[in-house]
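The structure presented is a predicted model; accordingly, all values stated were derived computationally and were not measured. FYI, the numbering just counts along the sequence from 1.
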Amino acid sequence: MKINLLSCDAQRPDKRVIAKCIAEISSSINESLSKELTDILLEGDPINIEVDNKNSGSALRTLRKLSIDYEFID
């Protein structure tokens with residue numbers, strides 16, 4: 001499943017936690033790339049990631065807890 005991470009609405013976003021989340025839920029992103037993508041997301045640009053279908057429910061819950069807006073990509 002592909003999702004587009006649109007923005008982070010948290011008042012004080014924790015870069016380390018967001019990067020760790022992206023690395024854990026994505027099927028093909030390592031830790032260093034997740035840090036770069038986190039910076040891009042926090043600057044206001046959307047990013048695309050692919051999530052394993054078996055982890056999709058917990059991944060979406062985690063994104064909501066971090067106040068990250070997302071949308072599904074066909």
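Between L63 and I25, the closest side-chain pair of non-hydrogen atoms falls below 4.5 Å.
By the criterion of side-chain heavy atoms lying less than 4.5 angstrom apart, applied directly or through intervening Ile, Leu, Val, Met, Phe, Trp or Tyr residues, V51 is grouped together with L60 in one hydrophobic cluster. In the hydrophobic cluster analysis, where Ile, Leu, Val, Met, Phe, Trp and Tyr join through side-chain heavy atoms closer than 4.5 angstrom, L42 is grouped together with V17. Clustering ILVMFWY residues whenever any of their side-chain heavy atoms sit less than 4.5 angstrom apart, transitively, puts I49 in the very cluster that holds L66. The same ILVMFWY cluster, assembled from side-chain heavy atoms under 4.5 Å apart, contains both I18 and L33.
In this structure, CD in E31 is found 12.0 Å from CD in E36, a value given to the nearest 0.5 Å. Residue S56 holds its OG atom at 9.0 Å from CZ of R61, rounded to the nearest 0.5 Å. Note: I22 CD1 to K35 NZ = 12.5 Å, rounded to the nearest 0.5 Å. Interatomic distance, D69 CG to S7 OG, rounded to the nearest 0.5 Å: 4.0 Å.
The backbone N or O of R16 lies less than 3.5 Å from a partner atom in the side chain of D14, making a donor-acceptor pair. At least one donor-acceptor pair under 3.5 Å links the side chain of S34 to the backbone N or O of A19.
When every heavy atom of A10 is checked against every heavy atom of P13, the shortest pair comes out as O-CD, 3.5 Å.
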Evaluate I73 against I3 for side-chain contact (heavy atoms from CB on, under 4.5 Å), listing each step before the verdict. CA-CA 5 Å; I73 301 172; I3 58 175; 5.8 Å; no
Output, in order, the C-alpha distance, side-chain angles, deciding distance and verdict of side-chain contact (heavy atoms from CB on, under 4.5 Å) for F72 and M1. CA-CA 8 Å; F72 297 101; M1 169 174 62; 3.3 Å; yes
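Checked options T38, I47, N48; the residue passing with L5 is I47 (criterion: side chain to side chain contact (heavy atoms under 4.5 Å, CB included)).
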